[in-house]
Amino acid sequence: MLSLHHVSIITSDLRRSLPFYREVFGLVEIPRPHFPIPGAWLACGSLQVHLVVYPEGSFRRNPTIDRNDWHFAFQTADFEAFVEQLTARGFRDDLPQDDPQCMLVFRTGLAGFPQLYLRDPDLNVVEVNAAHQPTIQPLA
């Protein structure tokens with residue numbers, strides 16, 4: 001049986017991305033082996049987020065939030081408190097989508113649980129949701 005260990009996120013500027021993930025999401029930096037490529041590892045519960053420096057950045061050039069694009073999700077037990085935390089940091093859901101502080105908030109979404117989306121400094125789409133831990137049933 002497999003389980004998810006980490007998500008690797010490309011950044012063009014670690015000095016910009018590392019504070020974003022530490023401050024916005026409260027992730028804690030953990031030891032990282034000495035790879036030839038700069039980066040940082042962050043703890044996220046029992047999982048990890050790996051920031052990897054790639055100077056050219058990712059293929060993403062669209063400055064708007066597209067929730068159908070590649071993204072990953074954090075889960076929170078208190079969705080409204082997290083929205084308030086983001087709002088206190090200057091994120092808003094009434095900003096133009098190309099504004100770096102824009103977030104999309106869906107309190108009743110098609111997935112059946114509250115979701116919000118924002119972008120990191122490298123335009124990676126990040127979801128935060130209030131999903132409950134599901135009992136996974138394989139498709140027949």
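Residues take their numbers from the sequence shown, with the count starting at 1.
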**Request:** Would you name the heavy atoms of Val53 and Gly39 that are closest together and state the gap between them?
**Result:** CG2-N, 4.3 Å
**Request:** To the nearest 0.5 Å, tell me how far Glu84 CD sits from Asp78 CG.
**Result:** 8.0 Å
**Prompt:** What is the distance from atom CG of Asp120 to atom NE2 of His71, rounded to the nearest 0.5 Å?
**Reply:** 13.5 Å
**Request:** Please lay out, stage by stage, how Leu51 and Phe20 fare under the test side-chain contact (heavy atoms from CB on, under 4.5 Å).
**Result:** CA-CA 11 Å; Leu51 299 177; Phe20 176 84; over 6 Å; no
**Request:** Taking all non-hydrogen atoms of both residues into account, name the closest pair between Leu95 and Gly90 and its distance.
**Result:** CD1-O, 4.3 Å
**Asked** Given Leu116, which of Thr76, Val105, Asp93 fulfils the side-chain contact (heavy atoms from CB on, under 4.5 Å) condition?
**Response** Val105
**Message:** One pair to check against side-chain contact (heavy atoms from CB on, under 4.5 Å): Met103 and Val128. What are the steps and the verdict?
**Reply:** CA-CA 10 Å; Met103 66 176 169; Val128 177; over 6 Å; no
**Fill in**
Between Ala40 and Glu29, the two heavy atoms sitting closest are CB-OE2, 3.8 Å
**Message:** Is it the case that the side chains of Gln101 and Asp99 hold a donor-acceptor pair, with the cut-off being a distance below 3.5 Å and no angle test?
**Reply:** no
**Request:** In sequence, state the C-alpha distance, the side-chain angles, and the governing distance for Tyr21 and Ile9, and then conclude on side-chain contact (heavy atoms from CB on, under 4.5 Å).
**Result:** CA-CA 11 Å; Tyr21 283 94; Ile9 303 166; 3.7 Å; yes
**Asked** Does the Arg119 side chain pair with the main chain of Gln97, one donor and one acceptor, at a distance under 3.5 Å?
**Response** yes
**Request:** Could you tell me which non-hydrogen atom of Phe79 sits nearest to which non-hydrogen atom of Ala130, and how far apart they are?
**Result:** CB-CB, 3.9 Å
**Request:** Please report the closest heavy-atom contact between Ser8 and Val52, naming both atoms and the distance.
**Result:** OG-CG2, 3.4 Å
**Request:** Decide whether Leu18 and Val126 are clustered together by the hydrophobic rule: side chain heavy atoms of Ile, Leu, Val, Met, Phe, Trp, Tyr closer than 4.5 Å, transitively.
**Result:** yes
**Message:** Quick check: do Gln115 and Leu104 have side-chain heavy atoms less than 4.5 Å from each other?
**Reply:** no
**Item:** Shortest non-hydrogen separation from Trp41 to Pro33 and the atoms involved
**Value:** CH2-CD, 3.4 Å
**Prompt:** Side chains of Leu42 and Phe25: does their closest heavy-atom pair fall under 4.5 Å?
**Reply:** no
**Request:** Supply the atom-to-atom distance Phe82 CZ to Asn129 CG, rounded to the nearest 0.5 angstrom.
**Result:** 11.0 Å
**Item:** Euclidean distance, Arg16 CZ relative to Leu14 CG, rounded to 0.5 Å
**Value:** 10.0 Å
**Prompt:** Asp122 versus Ser17: any side-chain heavy-atom pair under 4.5 Å?
**Reply:** yes
**Request:** Using side-chain hydrogen bond (donor to acceptor under 3.5 Å, both in side chains) as the criterion, list what pairs up with Gln48, not counting sequence neighbours.
**Result:** His50
**Prompt:** Could you give the distance from CG (Leu86) to CZ (Arg92), rounded to the nearest 0.5 Å?
**Reply:** 13.5 Å
